[in-house]
Amino acid sequence: MLDAKFLRSEIETAAALLKKRGYDLDVAQLTALEEQRKELQVRTERLQNERNVRSKSIGQAKARGEDIQPLLAEVGQLGSDLDAAKAELAELQGQLQALSLEVPNLPHESVPEGKDEDENVELHTWGEIPSFDFEVKDHVDLGEGAQGLDFKNAVKISGSRFIVMKGQIARLHRALAQFMLDTHTQEHGYQELYVPYLVNADSLYGTGQLPKFGEDLFHTQPATEEGVGMSLIPTAEVPVTNMLRDTIVDEAELPIRMTAHTPCFRSEAGSYGRDTRGLIRQHQFDKVEMVQVVHPEKSYDALEEMRQHAENILQKLGLPYRVVTLCTGDMGFGATKTYDLEVWLPAQDTYREISSVSNCEAFQARRMQARFRAAGAKKPELLHTLNGSGLAVGRTLVAILENYQQEDGSVVIPEALRPYMGGVEKIG
RNA sequence: GGAGGGGUGGCAGAGUGGUCGAAUGCACCGGUCUUGAAAACCGGCGUGGGUUAAUAGCUCACCGAGAGUUCAAAUCUCUCCCCCUCCGCCA
């Protein structure tokens with residue numbers, strides 16, 4: 001959510017910036033509604049004030065033992081005028097609120113302008129793209145060959161876009177998550193969190209999944225007819241960032257760095273034909289997430305830092321990758337700036353996204369009223385929130401299988417993971 | 001699942017439907033006193049919105065959430081949520 005005052009006073013600036021990311025702000029509609037709102041709110045509050053004053057004087061008159069009948073008669077019309085104005089105002093504010101919840105964040109000035117992923121800008125690459133003197137297999141063949149990836153049973157049990165992992169592959173998957181968590185907690189200064197996988201609607205509004213992207217989520221049945229059901233998290237960003245919802249922290253506590261390993265659930269509505277083979281796009285996948293909550297002046301430093309934290313994981317695993325800065329048209333709803341890390345997948349002969357690191361500035365903080373109080377300051381200020389994958393575990397597994405594959409179909413375990421694999425050097 | 005008790009400012013804890021945004025204590029921040037500190041004393045001390053150049057004034061809202069009764073609700077009514085105690089069940 002953008003700052004309401006900013007949106008009002010500099011709507012043309014906002015519209016121009018949003019245009020860069022392909023979002024058309026309805027300036028005329030907003031301006032008209034805002035004009036009505038202002039007039040109506042001032043009028044309503046004036047009526048409210050009048051009623052408060054009169055009610056108070058009725059109380060005082062009664063306390064003095066005076067006849068209050070004439071005073072009551074005077075207030076009669078006021079009440080219904082006030083009720084009408086209040087109802088109208090609530091309706092109008094509801095409309096404005098609904099509109100503002102659907103407006104995406106403004107891109108940072110350093111973000112390259114472009115309309116889609118083709119215009120993302122490569123920042124740098126790391127690692128050697130491996131060359132094989134045999135025909136490379138993809139992770140599906142490798143995994144099935146090793147009796148570790150069981151797509152058949154997953155389909156039977158749940159359906160497409162699910163996986164059953166077995167044996168050494170399951171262990172490798174677990175090892176990856178452990179390794180990532182340990183690296184973030186021991187080397188990067190994050191606190192490990194275990195969080196709920198089912199969240200309420202307030203949390204989803206807080207991080208911006210709602211109201212606009214409800215169809216991307218799995219929702220549980222409401223407990224009662226009017227009740228609100230809970231939803232499965234599409235990313236740990238939701239529960240972790242919402243830790244700060246409705247709180248005011250001391251400036252001295254900043255920055256707050258949190259990490260969590262969770263499954264993520266995505267409906268993938270609208271991506272029917274894409275990545276149907278393999279582990280790349282699943283309804284359920286594990287991810288280790290990093291979240292930072294920082295002083296507004298530090299958020300761009302934190303963004304670079306988090307990108308490095310994610311890169312460190314790939315480097316320790318020896319996986320070649322590249323970093324791209326997403327262009328204005330390819331960024332997510334709440335981000336002002338995003339880096340994607342893309343890992344090399346030999347079987348696809350291309351780089352695929354394995355991490356996304358974003359600064360949301362105050363966009364989420366404003367929705368969830370996450371604030372801090374500067375030492376000695378009177379008013380609390382909004383925090384900045386950042387989130388990044390560190391990394392998507394399933395896709396990392398894919399990258400390991402494919403990049404470390406041997407001619408006989410076995411897979412060498414990267415050094416960094418061996419302690420987590422009981423010293424095993426090779427699987428399959 | 002059954003029975004009972006509760007949700008008020010950072011914490012503790014008052015609050016007969018009317019002058020309550022809310023007593024009091026603690027904590028915290030200024031100040032006086034003191035060589036310094038403590039104590040004592042004086043003062044301050046919530047959040048969001050609107051208006052506005054204003055983080056000045058004025059104003060509206062907020063006592064778990066929502067709805068209702070009333071000229072007027074922290075206080076009365078209803079619904080929901082959460083917490084606590086006991087019993088049952090359970091990983």
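To find a chain, count down the sequence lines: A is the first, B the second, and so on, and within it residues start at 1. From a predicted model like this one, the values you see are computed outputs, not experimental measurements.
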Listed nucleotide nearest any side-chain atom of A/Gln369, set B/G46, B/C71, B/G48: B/G48
Report the distance from atom CZ of A/Arg373 to atom C1' of B/G10, rounded to the nearest whole Å. 10 Å
To the nearest Å, how far apart are A/Gln93 CD and B/G48 C1'? 12 Å
Taking the side chain from A/Asn105 and the backbone from A/Cys360, do they hold a donor-acceptor pair closer than 3.5 Å? yes
Sole residue of A/Arg161, A/Arg352, A/Arg395 in salt bridge (charged side-chain N to carboxylate O under 4.0 Å, His left out) with A/Asp275: A/Arg352
Checking contacts here: which listed nucleotide (B/G50, B/G49, B/A72) is nearest the side-chain heavy atoms of A/Arg37? B/G50
Given the P atoms of B/U24 and B/A14, what is the spacing between them in whole Å? 15 Å
So which of A/Leu217, A/Leu210, A/Asp216 actually passes side-chain contact (heavy atoms from CB on, under 4.5 Å) with A/Phe213? A/Asp216
The nucleotide from B/G50, B/C71, B/U47 with an atom nearest the side chain of A/Lys5 is B/G50
Whole angstrom value for the distance that separates C1' of B/A61 from CD of A/Gln48: 8 Å
For B/G66, which nucleotide in any strand shown is its Watson-Crick or wobble partner with both distances under 3.5 Å? B/C78
Taking the C1' atom of each, how far is B/U75 from B/G30, in whole Å? 36 Å
Step by step, work out the side-chain hydrogen bond (donor to acceptor under 3.5 Å, both in side chains) result for A/Asn359 and A/His108. CA-CA 9 Å; A/Asn359 187 359; A/His108 187 253; over 6 Å; no
I'd like to know if the side chain of A/Lys337 pairs up with that of A/Ser110 as donor and acceptor (distance under 3.5 Å, no hydrogens or angles considered). yes
Can you tell me how far P in B/G10 sits from the matching atom in B/C45, rounded to whole Å? 15 Å
B/A61 and B/C20, which share atom name P, separated by this distance in whole Å: 15 Å
For the side chain of A/Lys56 and the base of B/G18, is some donor closer than 3.5 Å to an acceptor across the two? no
B/A72 and B/A56: how far apart are their C1' atoms, nearest whole angstrom? 31 Å
Gap between atoms CG and P, on A/Leu71 and B/U70 respectively (whole Å): 19 Å
What is the separation between atom CZ on A/Arg366 and atom P on B/G48, rounded to the nearest whole Å? 13 Å
How many Å lie between CG on A/Asp250 and P on B/C29, as a whole number? 11 Å
Classify A/Arg371 by what it touches in the nucleic acid, base, sugar-phosphate, or nothing, heavy-atom distance under 4.0 Å. sugar-phosphate
Side-chain N or O of A/Arg8 less than 4.0 angstrom from OP1 or OP2 on B/U51? yes
Test A/Ile248 against A/Phe372 for side-chain contact (heavy atoms from CB on, under 4.5 Å), laying out the working first. CA-CA 5 Å; A/Ile248 301 174; A/Phe372 75 99; 5.7 Å; no
For nucleotides B/G2 and B/G88, find the distance between their P atoms and express it as a whole number of Å. 16 Å
Does B/U59 have OP1 or OP2 under 4.0 Å away from a side-chain N or O of A/Asn49? no
If you measure from the C1' atom in B/U85 to the same atom in B/A27, how many Å do you get, rounded? 30 Å
Opposite nucleotide pairing with B/A39, Watson-Crick or G-U, both atom distances under 3.5 Å: none
Give none if B/U16 has no partner; otherwise give the nucleotide forming a Watson-Crick or G-U wobble pair with it, both distances under 3.5 Å. none
Regarding B/G49, can its base be found pairing with the side chain of A/Glu45 as donor and acceptor, where the two atoms are less than 3.5 Å apart? yes
Most 5' of A/Lys38 and A/Ile58 on RNA chain B, judged by nearest nucleotide: A/Lys38
Using whole Å, report how far CG of A/Leu40 lies from P of B/G49. 19 Å
Within 6.0 angstrom of A/Gln191 CD, more than 12 heavy atoms from elsewhere: no
Can you tell me the base-pairing partner of B/C28? Count Watson-Crick or G-U wobble geometry only, both distances below 3.5 Å, and say none if there is no partner. B/G44
Counting only side-chain N and O atoms of A/Asn52, is one of them less than 4.0 Å from OP1 or OP2 of B/U59? no
On a whole-Å scale, what distance lies between the C1' atoms belonging to B/G66 and B/A54? 36 Å
Whom does B/A56 pair with, Watson-Crick or G-U wobble, provided both distances fall under 3.5 Å? none
Tell me if the NZ atom of A/Lys212 is crowded by more than 12 foreign heavy atoms within 6.0 Å. yes
By nearest nucleotide on RNA chain B, pick out whichever of A/Asp3 and A/Gly59 is the more 5' one. A/Gly59
Could you tell me whether A/Arg51 contacts a base, only the sugar-phosphate backbone, or nothing, with contacts defined as non-hydrogen atoms closer than 4.0 Å? sugar-phosphate
Could you tell me whether A/Lys62 contacts a base, only the sugar-phosphate backbone, or nothing, with contacts defined as non-hydrogen atoms closer than 4.0 Å? base
Whole angstroms only, please: what is the CG-P distance between A/Asp246 and B/G48? 11 Å
